[in-house]
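So the structure is just underneath, and the comments pick up after that.
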There are 2 protein chains.
Amino acid sequence: MDIDELARRSGVSAATVSRALNGRPEVSAATRARIVALAAELGYSPNASARTLASRRSGLIGLLWDTDYRSGGRQHPFLQEVLIGLKAALSDRGQGLILLPIVPPDDEAGYVRLARQYTLDGIVMMGVDQHTPQVRALLATPVPCVGLDLALDGPRTASVGSDNRSAAATAVAHLHARGHRRIATITGPLDLWPAAERLAGYRAELARRRLRRRPEYEVAGDFFAASGTAGMRRLLDLPTPPTAVFVAGDAMAIAAMRAAADTGRTVPDDVAVVGFDDIDAAAMVHPGLTTIAQDYRRFGTTAARVLAELAAAPSTEPPRSVLLPTRLVVRESSGTDDST
Amino acid sequence: MDIDELARRSGVSAATVSRALNGRPEVSAATRARIVALAAELGYSPNASARTLASRRSGLIGLLWDTDYRSGGRQHPFLQEVLIGLKAALSDRGQGLILLPIVPPDDEAGYVRLARQYTLDGIVMMGVDQHTPQVRALLATPVPCVGLDLALDGPRTASVGSDNRSAAATAVAHLHARGHRRIATITGPLDLWPAAERLAGYRAELARRRLRRRPEYEVAGDFFAASGTAGMRRLLDLPTPPTAVFVAGDAMAIAAMRAAADTGRTVPDDVAVVGFDDIDAAAMVHPGLTTIAQDYRRFGTTAARVLAELAAAPSTEPPRSVLLPTRLVVRESSGTDDST
DNA sequence: CTGTTAGCGCTTTCAG
DNA sequence: CTGAAAGCGCTAACAG
């Protein structure tokens, strides 16, 4: 069953079938209806390769996702949900998602070649280092690229992520509202956009609340558990330890709670903790971890939309970045509300 | 830069270039070397659509992954790792991975159409219900399909999963070695292959160790946390409660530990717990959860290999199933070794 | 071992 | 509004 067969059976030419099925305005409503009905009846669907070859558009979006990259612990906390959102949004637009293989760093043109090879309509990146030669080469290209949690730069690029800055501020405000005045933070790797923004939000909220900012209250972490343990120990060993800690990632936060417990402190009474990400474990540990939940599914749907906009817009526009709202999930690790 | 251009520059015909680049035996070593070198130099890579159209093979594997399906809690515990393994193994074979959209149940031919549309070389399924009409229609087709943790049936199908039965036996043996004689289990949904196998392994090991099998020691769960809580409560309320519980999934196991603690029991002293899956949280909770780790990455690499074998073999062979080894990860929830 | 010749199944001018 | 014709870039017989 190919387009010629369908054309013959519906008594028109292949060109008309093509037009009808692609929603072109030139076909009369009657012919279109007839063709569409027959196509459905016969189970016809156009061959993707032939269509791509002829039209020079594949309807395929590539996903660039680097496993080896530093992430929030044993796994990207969010690949799963992002994929769900992406898949749904793309298939609504009649597009498909293809997972790109990782190319070696010495193959500078690797991704550019992949994009051409598959005639990709756009690329979504997550967990990659945008400063490597292969990625830079791709970004320099007019192929639409959107970075998730990644600040991208190039002629047709955009970024999608949570509003990490205000999320962090919310976390700090929450602790402040619970009566805390000595609030510390354990950060992520500050060369990563989200980590830097979270620290900025922490500082901004301290300022807004007129709390003193102490350098020794900002300890560097790397999103992995071990750095949460180390960070909490350091904070608790301070002459004037904090009474609350905003930890920029849940894996670190959970490890930090454990570290506090191991040195005889009680969470949240001796030290309150707020995390970031709302990983599964946050609800499973005891006490439950108060944390910031991100809407990862929306990362995906937003990426799909932004990609389409990028394809339509002239490549002269400056890179945009879309910030998504987050949600504070209150559990036990931040104590109970004083005001009740 | 297309094949004709490359052909012109290397002084041969397009056909020869095609042969050289596809590793056909008919080309002389010298010509091949020349062409390959020039291709690399010019950054030529063949257009995937043109190649698919002409050869009727795309090198694309589809991933069928249903989000809505019952899984091990908030997320498939393993999509991430499987994807890593799949991607690596496929790209080693020069194949690609495309994520298939979920088709509505009333579109019986949906997946068959997708497979034809993209000229898929094979399909990997996870988390889908193989009894739905759309999936059954696909399985009836000669397209190679492999199910992960899914017992599939059809002319060109196979299954890949852990050896759940012996893994469960190992868990029970471990508890027995720690001195436990009253060992209960909380199961997964028994219509799922892995859940059924785990129960079978539990029973087999009880028998092997000549332990009495008590019906009231087999309580039904659904892999979700709430059923772990309920299950543990029921077991502890028994006139003769078990001293150890093998829980068929970590989300349930962690909830079960919490339930035990909430009723004043200490884990592992009053009741020992062994889980299954080794989710991230297993190492984060307190006490750490002893559990069975599966090699999910190997699910992916194995699936890629099996798919290739399926494509090569005649479609008359009966469905095969490949069982992968697991690993017992001993933490605190199962107590300490008596023998030391 | 290599070149020539047909397509693969679709879209897209260009005429009408 | 519709049809005819010309490819899209590659592979696969078929000759030589």
Side-chain angles (χ1 to χ4, degrees), chain A residues 1-36 38-39 42-60 94-96 112-121, chain B residues 1-36 38-39 42-60 94-96 112-121:
Chain A
M1 171 81 330
D2 61 7
I3 202 176
D4 287 312
E5 176 76 11
L6 218 200
R8 201 170 312 120
R9 301 220 196 181
S10 30
V12 295
S13 71
T16 299
V17 170
S18 172
R19 291 182 188 114
L21 263 27
N22 289 309
R24 289 303 172 73
E26 314 100 318
V27 229
S28 78
T31 359
R32 160 168 296 129
R34 192 156 38 87
I35 295 174
V36 168
L38 200 58
L42 300 176
Y44 167 79
S45 65
N47 178 290
S49 305
R51 183 190 273 228
T52 301
L53 193 55
S55 67
R56 309 168 143 295
R57 276 178 304 97
S58 66
L60 280 183
Q95 300 191 105
V112 178
R113 206 162 46 232
L114 278 169
R116 219 181 24 221
Q117 201 171 323
Y118 287 113
T119 325
L120 296 183
D121 287 358
Chain B
M1 169 85 326
D2 62 7
I3 202 175
D4 287 312
E5 175 75 12
L6 217 200
R8 201 170 312 120
R9 300 219 197 182
S10 32
V12 295
S13 72
T16 300
V17 170
S18 172
R19 290 182 190 115
L21 264 25
N22 288 311
R24 289 304 173 70
E26 314 100 319
V27 228
S28 77
T31 358
R32 162 169 295 129
R34 192 156 40 85
I35 294 173
V36 168
L38 200 59
L42 300 176
Y44 167 79
S45 67
N47 178 292
S49 305
R51 184 190 272 228
T52 301
L53 193 54
S55 69
R56 311 168 142 295
R57 275 179 305 97
S58 65
L60 280 183
Q95 302 192 104
V112 178
R113 207 163 43 231
L114 278 169
R116 219 183 23 223
Q117 201 171 324
Y118 287 114
T119 327
L120 296 182
D121 287 358

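Below, read A as the first sequence line, B as the second, and so on, with proteins coming before strands; counting in each chain starts at 1. Computed from a predicted model, the values in this text were never measured in an experiment.
Summarising the geometry, the separation between CE on Met1(A) and C1' on dC10(C) is reported as 14 Å, rounded to the nearest angstrom. Rounded to whole Å, the distance from CZ on Arg57(A) to C1' on dC8(D) is 13 Å. If you measure from atom CZ of Arg32(A) to atom P of dC1(D), you get 10 Å, rounded to the nearest angstrom. Rounded to whole Å, the distance from CD on Glu26(B) to P on dA15(D) is 16 Å. Computed from coordinates, the Asn47(B) CG to dG7(D) P distance equals 18 Å when rounded to whole Å. Rounded to whole angstrom, the span from the CZ atom of Arg51(A) across to the P atom of dG9(D) amounts to 18 Å. The separation between Ile35(A) atom CD1 and dC10(C) atom P is 14 Å, rounded to whole Å. Taking atom CZ of residue Arg116(A) and atom P of nucleotide dC8(D), one finds them 17 Å apart after rounding to whole Å.
Taking the side chain of Ala15(B) as heavy atoms from C-beta on, and the options dG3(D), dA12(D), dT11(D), the nearest nucleotide is dA12(D). In this structure, of dC10(C), dA12(D), dG9(C), it is dG9(C) that holds the atom nearest to the side chain of Leu53(B). Set against dG7(C), dT2(C), dT2(D), the side chain of Ala54(B) has dG7(C) as its closest nucleotide. For Ser28(B), counting side-chain heavy atoms from C-beta on, the closest listed nucleotide (dC1(C), dA12(D), dT11(C)) is dC1(C). For Arg19(B), taking side-chain heavy atoms from C-beta onward, the closest of the listed nucleotides dT2(D), dC14(D), dG3(D) is dC14(D).
A distance-only check finds no donor-acceptor pair linking the side chain of Arg19(B) to the backbone of Arg32(B) [under 3.5 Å]. Using modelled atom types, one side-chain atom of Asp2(B) and one backbone atom of Asp4(B) make a donor-acceptor pair closer than 3.5 Å. Judged by distance alone, with hydrogens and angles left aside, the side-chain atoms of Ser55(B) form a donor-acceptor pair with the main-chain N or O of Arg57(B) at under 3.5 Å. The closest donor-acceptor contact from the side chain of Ser49(B) to the backbone of Leu53(A) lies at 3.5 Å or more, if one exists at all. Under the 3.5 Å distance criterion, the side-chain polar atoms of Ser10(A) are left unmatched by any main-chain donor or acceptor of Ile35(A).
Contact annotation: Ser13(B) side-chain N/O to dT4(C) OP1/OP2 distance is not under 4.0 Å. Tyr118(A) has no side-chain polar atom (N or O) that falls below the 4.0 Å cut-off from OP1 or OP2 of dG9(D). Checking the phosphate oxygens (OP1, OP2) of dT11(C), a side-chain nitrogen or oxygen of Ser18(A) falls inside 4.0 Å. Contact check, Arg24(A) against dT12(C): a side-chain N or O comes under 4.0 Å of OP1 or OP2. The phosphate of dT11(D) has OP1 or OP2 within less than 4.0 Å of a side-chain N or O from Asn22(B). Dashed line: the shortest gap from a side-chain N or O of Arg56(B) to OP1 or OP2 of dG9(C) is under 4.0 Å.
Judged by closest nucleotide on DNA chain C, Thr31(B) is the one of Ala50(B) and Thr31(B) placed further toward the 5' end.
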